[in-house]
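Worksheet: the structure to be examined is printed underneath.
Given the structure is predicted, the values throughout are model-derived calculations rather than measurements. So you know, we letter chains A, B, ... as the sequences are listed, proteins then strands, and number each from 1.
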Amino acid sequence: MKVLPESFYLRNSVTTIAKQLVGKLLYTHSKGHITSGLIVETEAYSFREHGCHAYQSRMTRRNQIMFGPGGHTYVYVCYGMHHLLNVVTNQAQQAEAVLIRALQPVEGIQVMLDRVNTDTVKRITSGPGKLTKALGIDRTWNGKQLLGTEIWIEEGEKLNTRHLMATTRVGIDYAGEDANLPWRFYWKDNPWVSKV
DNA sequence: TAGAGGATTGAT
DNA sequence: TCAATCCTCTAC
């Protein structure tokens, strides 16, 4: 298997990277367990639009990792109880990121079932808050390099472009016009794509 | 330093 | 449809 190089993340089109991440394999190595899943759903965010935490290049303590170079994780807490995983892209100061919204479980399924406390495989990674729990990711993982031994992404399955769908993003009504951007990408008919 | 709200989820 | 739940950002 081939780990995606840093150059994959440093490119300047966050939507291109978000599309290409669908079908890749995301791995974590947490507390002695390897877990992985095929990425089946992503969303792109850019400092150029209202949906993004770093809109107008405003840097805060929370989002500062987005202003670093691509190839790092951006993990933050949402609604006080869910950790969401982003992949930072583009060069330093160009704050862009791809939100990982859903996976199809591949390795370490029993470990993931235990972490989410369920026995239904379909439940463990079919949503952005759930997949971080399944993979053992919390906010201490913010800023980790995606080339390391704890979290990385490998080449996965070649996805027929007919199966790649683009729609509007979820849960960003506050973004006004930019909420209409077709920046959510998902694998058509894959059962792990999150319910909206 | 207080107050408001959120890139969600699962139960009702 | 709604509550859970807490960190972050903003304004005073």
Side-chain angles (χ1 to χ4, degrees), chain A residues 9 13-19 21-22 26 37 39-68 70 72-90 94-105 112-144 146 151 153 165-187 190-196:
Chain A
Y9 305 102
S13 170
V14 68
T15 50
T16 299
I17 295 172
K19 280 183 225 172
L21 280 175
V22 176
L26 172 65
I39 298 172
V40 299
E41 182 179 352
T42 62
E43 284 180 3
Y45 288 89
S46 166
F47 63 93
R48 285 185 263 267
E49 47 83 23
H50 287 72
C52 185
H53 290 162
Y55 176 53
Q56 290 184 326
S57 291
R58 232 160 36 152
M59 182 156 73
T60 64
R61 201 171 62 212
R62 180 175 67 164
N63 70 17
Q64 60 180 336
I65 196 71
M66 286 183 72
F67 290 83
H72 292 76
T73 58
Y74 169 43
V75 181
Y76 71 95
V77 180
C78 182
Y79 296 108
M81 65 194 86
H82 302 295
H83 302 277
L84 270 56
L85 171 66
N86 292 253
V87 173
V88 178
T89 69
N90 213 332
Q94 309 295 307
E96 294 184 326
V98 177
L99 171 67
I100 309 297
R101 286 191 57 87
L103 304 175
Q104 175 179 327
M112 294 196 275
L113 287 170
D114 291 344
R115 283 178 180 154
V116 182
N117 195 24
T118 179
D119 50 13
T120 310
V121 176
K122 275 222 179 101
R123 292 228 173 128
I124 49 183
T125 53
S126 56
K130 287 183 282 189
L131 71 90
T132 51
K133 196 172 178 188
L135 294 174
I137 293 171
D138 61 32
R139 65 203 183 91
T140 66
W141 288 54
N142 189 34
K144 285 194 191 297
L146 283 159
I151 181 165
I153 299 178
M165 305 300 287
T167 63
T168 53
R169 293 171 293 175
V170 178
I172 53 162
D173 295 339
Y174 58 83
E177 295 253 315
D178 289 328
N180 297 321
L181 291 169
W183 282 14
R184 170 173 175 254
F185 305 100
Y186 66 94
W187 192 328
N190 186 293
W192 276 271
V193 171
S194 68
K195 290 226 173 79
V196 179

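Summarising the geometry, the separation between NE2 on A:His53 and P on C:dC9 is reported as 9 Å, rounded to the nearest angstrom. Atom pair A:Tyr76:OH and C:dC9:P shows a separation of 12 Å (rounding to whole Å applied). In this structure, the NE2 atom of A:His83 is 15 Å from the P atom of B:dA7, given to the nearest Å. Taking atom CE on A:Met81 and atom P on B:dA11, their separation rounds to 13 Å, with Å as the unit. The distance between atom CZ of A:Arg61 and atom P of C:dC7, rounded to the nearest whole Å, is 11 Å. Spacing between atom CZ of A:Arg101 and atom C1' of B:dT9 amounts to 11 Å, rounded to whole angstrom units. Look at NZ on A:Lys195: it is 18 Å from P on C:dT1, rounded to the nearest Å. In this structure, CG of A:Asp173 is placed 13 Å from C1' of B:dG5, rounded to the nearest angstrom.
Contact annotation: A:Lys130 reaches the phosphate of B:dG10 (side-chain N/O to OP1 or OP2, under 4.0 Å). Close to C:dC9, at under 4.0 Å from its OP1 or OP2, lies no side-chain N or O of A:Arg58.
Side chain of A:Thr125 to backbone of A:Ala102: no donor-acceptor contact under 3.5 angstrom is found. A donor-acceptor contact shorter than 3.5 Å links the side chain of A:Asn63 to the backbone of A:Arg58. Panel note: side chain A:Thr73, backbone A:Lys144; a donor-acceptor pair is recorded below 3.5 Å. A:Thr132 places a side-chain N or O within 3.5 Å of a backbone atom of A:His83 that can act as its donor or acceptor partner.
No engagement by A:Arg169 is indicated, since no non-hydrogen atom pair under 4.0 Å with the nucleic acid exists. Among the protein residues, A:Leu99 comes within range of the nucleic acid bases, having at least one heavy atom under 4.0 Å from a base atom.
A heavy atom closer than 4.0 Å to some atom of DNA chain B occurs in A:Gly127, these being the qualifying members of residues 115-127 of chain A. Interface residues of residues 177-185 of chain A facing DNA chain B, ordered by number: none; criterion, heavy-atom separation under 4.0 Å.
Checking B:dA7, B:dT9, C:dC9 against every side-chain atom of A:Ile172, the shortest atom distance belongs to B:dA7. The side chain of A:Thr60 lies closest to C:dC9 when the candidates are B:dA7, B:dT9, C:dC9.
Across A:Phe47 and A:Ser57, no two heavy atoms sit closer than the pair CD1-OG, 3.5 Å. Pairing each heavy atom of A:Val98 with each of A:Ile17, the nearest pair is CG2-CG2, 4.3 Å. Nearest heavy-atom pair across A:Arg115 and A:Gly136 is NH1-N, 3.5 Å.
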Please evaluate residues A:His53 and A:Tyr76 with respect to the criterion ring-ring contact (aromatic ring centres under 6.0 Å, His included), reporting the C-alpha separation (whole Å), side-chain torsions for both, the decisive distance (0.1 Å), and the verdict.
CA-CA 11 Å; A:His53 290 162; A:Tyr76 71 95; 4.7 Å; yes
If a pair means Watson-Crick or G-U wobble with both distances below 3.5 Å, what does DNA chain B look like in dot-bracket form, with | marking bases paired to a different strand?
||||||.||||.
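Residue A:Glu43 is tested with A:Lys19, A:Arg169, A:Arg101 for a salt bridge (Lys or Arg N to Asp or Glu O under 4.0 Å); the sole match is A:Arg101. Residue A:Tyr9 forms a side chain to side chain contact (heavy atoms under 4.5 Å, CB included) with just one option from A:Val88, A:Ile153, A:Val14, and that option is A:Ile153.
Looking at which nucleotide of DNA chain C each of A:Arg139 and A:Tyr79 is closest to, the 5′-most match is held by A:Tyr79.
Residues A:His82 and A:Val77 fail the side-chain proximity criterion, which asks for heavy atoms closer than 4.5 Å.
The separation of C:dT5 from B:dA2, taken at their P atoms, amounts to 22 Å, rounded to a whole angstrom.
Atom CG of A:Asn117 is surrounded by 12 or fewer heavy atoms from other residues, nucleotides or ligands within 6.0 Å.
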